[in-house]
Amino acid sequence: MRRPRGEPGSRAPRPTEGAICAGPGESWSPSPNSMLRVLLSAQASPARLSGLLLFPPVQSCSLGPSKWGNHPLGGGPRAGPVQGLQRLLEQARSPGELLRWLGQNPTKVRPHHYPVALRRLGQLLGSTPRTPPVEQATLQDLSQLIIRNCPSFDIHTIHVCLHLAVLLGFPSDGPLVCALEQERRARLPPKPPPPLRPGLHGGQRLEVALNCPHFQRYPRKQLISSLTEVRPEEFSPHAMVLLAQHLARHRLREPQLLEAIAHFLVVQEAQLSSKMVQKLLLPFGRLNYMPLEQQFIPCLEKILAREAGVAPLATVNILMSLCQLQCLPYRTLHFVFSPSFINHITGTPHALIVRRYLSLLDTAVELELPGYRGPRLPQRHQVPIFPQPLITDRARCKYSHKDIVAEGLRQLLGEEKYRQDLTVPPGYCTDFLLCVGSSGAVLPIRTQDPFLPYPPRSRPQDQASNPTQNPAQRVVLMLRERWHFCRDGRVLLGSRALRERHLGLMGYQLLPLPFEELESQRGLPQLKSYLRQKLQALGLHWGPEGG
């Protein structure tokens, strides 16, 4: 059976010449009169407008169960104001009047009113021989109203609006049609992952499962756990890389699977290149997991000794994972800090990222390896390590507690007694930093140097934990958001643990603020009380309120 022209699912008509098309999420800004040529010219699209006039009245369609009830659109109990607005839309004499009825009655507008408005718009445009000019903003506003409210439409209303929009000549890749089409697809039931073929052995079944888009988008810990029965020798390198990437991407700290990757790396060491090893090693550093496999570190040292000069970026990536695990090999450090290696990476496309990694490794050597006597990164090649909040924090800023904690500190201490997102040498961005005097008083930042000397003059392990005993003490409040942990919510990710470890070794007093405690505070007054208790537990005091 042939579909009617313009029906959802069929090929959408091409936009009329002169229309300006925009992709999803882009603003639709047609040139002057271009929208009129599309929507108001009967000669340009007579079939569309005639088809629109023959389209059955929307009020005769029952939209089925919805949050407004099961009544047909044309009547039913308590439908007086809603039915009255529908009548006004059907009798509107201009597109501007249509928009006024929708904009002035927000409490009475229901999803089915938008197809009524679209149908009436088509009647107005198709029935008038010489249509007067219509303001471009009016049509844009009507389009934006539908785009903003289409998430509340049921599937039938979405289909009707999509059909009418196509008949009216809205571009098939314009914002209105794209928004309706996106909502239509969102209502379709998700496709189940393809069943694993029984004829495949364990490693192939794992590879098929991990290549499934549905499985990659939604972590399935139970399915991952069931695959631990596969013998390591059945895994292919590609399957193991997919598994490692999946664990790292979704922060899944699954010991059995991580041990399987470590065992595979040890067994296949002779056949693995450094580029393959950096991918296999990624979840161990990110998830802060040291495997029980005894040959794991010796195997990596052997691979680095063999492959260090082949792929510079892969080499420093491996060292970054080992740095998070606190297992840096001296021999490879001698190599990457040598003038020949540094000169080799200078001028390459990945020179900046390698210098950043080398700067972090140099910091780790300074703070964690007092017995190291080899070459170090020259000062002229050092760059800030993490000079701004990490990408994950910027992407999830609307879920972060940073804004409300900043407001709590502002009301509790005053703006002059803390700094937010301050980068301290050698390049770590801190969430909040306080300067503390010898008596435990929180001092105004402007009167103090907020930075502790780097490299540190003395080992902080020899100092007492009480900040009031150190006249140069600086307190860093560390937000520990939910996404700073592995999926189990108990183990910090490797990059977070590394930053806290290094800040502590540099002499900063750390005050963690766990997400469980932050989420339990109800409103700003409770949060201020929580912060006051945390700061006073360190022996800090400030002003009349804290004294």
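As the structure is a computational prediction, the values presented were derived from the model and not from experiment. Just so you know, residue 1 is the first one in the sequence shown, and it goes up from there.
- Contacts of Arg355 classified as side chain to side chain contact (heavy atoms under 4.5 Å, CB included), with partners at least two apart in sequence or in another chain: Ile345, His381, Val383.
- For residues 502-523, every residue pair satisfying the ring pair (Phe, Tyr, Trp, His ring centres under 6.0 Å) rule, not counting sequence neighbours, is listed here: Tyr428-His502, Phe485-Phe515.
- Here salt bridge (Lys or Arg N to Asp or Glu O under 4.0 Å) pairs that include residues 432-447, with residues two or more places apart or in two chains, number zero.
- Evaluation of the ring pair (Phe, Tyr, Trp, His ring centres under 6.0 Å) test over residues 286-329, restricted to residues two or more places apart or in two chains, returns Phe284-Phe296.
- Considering only residues two or more places apart in sequence or on other chains, Glu500 meets the side chain to side chain donor-acceptor pair (under 3.5 Å) condition with Arg480.
- Annotation: side chain of Arg253 is not in contact with side chain of Arg487 (no heavy-atom distance under 4.5 Å).
- Residues meeting the salt bridge (charged side-chain N to carboxylate O under 4.0 Å, His left out) test with Glu293, sequence neighbours left out: none.
- Evaluation of the salt bridge (charged side-chain N to carboxylate O under 4.0 Å, His left out) rule for Arg286 yields no partner, not counting sequence neighbours.
- Distance check, rounded to the nearest 0.5 Å: SG of Cys323 to CG of Leu360 gives 5.0 Å.
- Considering only residues two or more places apart in sequence or on other chains, Asp403 meets the side chain to side chain donor-acceptor pair (under 3.5 Å) condition with none of them.
- Sorted by first and then second residue, the salt bridge (Lys or Arg N to Asp or Glu O under 4.0 Å) pairs with a member in residues 406-415 read Glu407-Arg410; sequence neighbours excluded.
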Quick one: side chains of residues 332-343, donor-acceptor pairs under 3.5 Å with protein atoms, not counting sequence neighbours, listed by atom name and distance.
{"from": "Ser338", "atom 1": "OG", "to": "Phe335", "atom 2": "O", "distance (Å)": "2.5"}
{"from": "Ser338", "atom 1": "OG", "to": "Ser340", "atom 2": "OG", "distance (Å)": "3.2"}
{"from": "Ser338", "atom 1": "OG", "to": "Phe341", "atom 2": "N", "distance (Å)": "3.4"}
{"from": "Asn343", "atom 1": "ND2", "to": "Pro339", "atom 2": "O", "distance (Å)": "3.0"}

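- Lys402 and Asp421 are joined by a salt bridge, as a carboxylate oxygen and a charged side-chain nitrogen come within less than 4.0 angstrom of each other.
- A salt bridge (Lys or Arg N to Asp or Glu O under 4.0 Å) check over residues 511-526, counting only residues at least two apart or in different chains, returns the pairs Arg482-Glu519, Glu517-Lys534.
- Pairs engaging residues 304-328 under the salt bridge (Lys or Arg N to Asp or Glu O under 4.0 Å) rule: Glu269-Arg306 [sequence neighbours left out].
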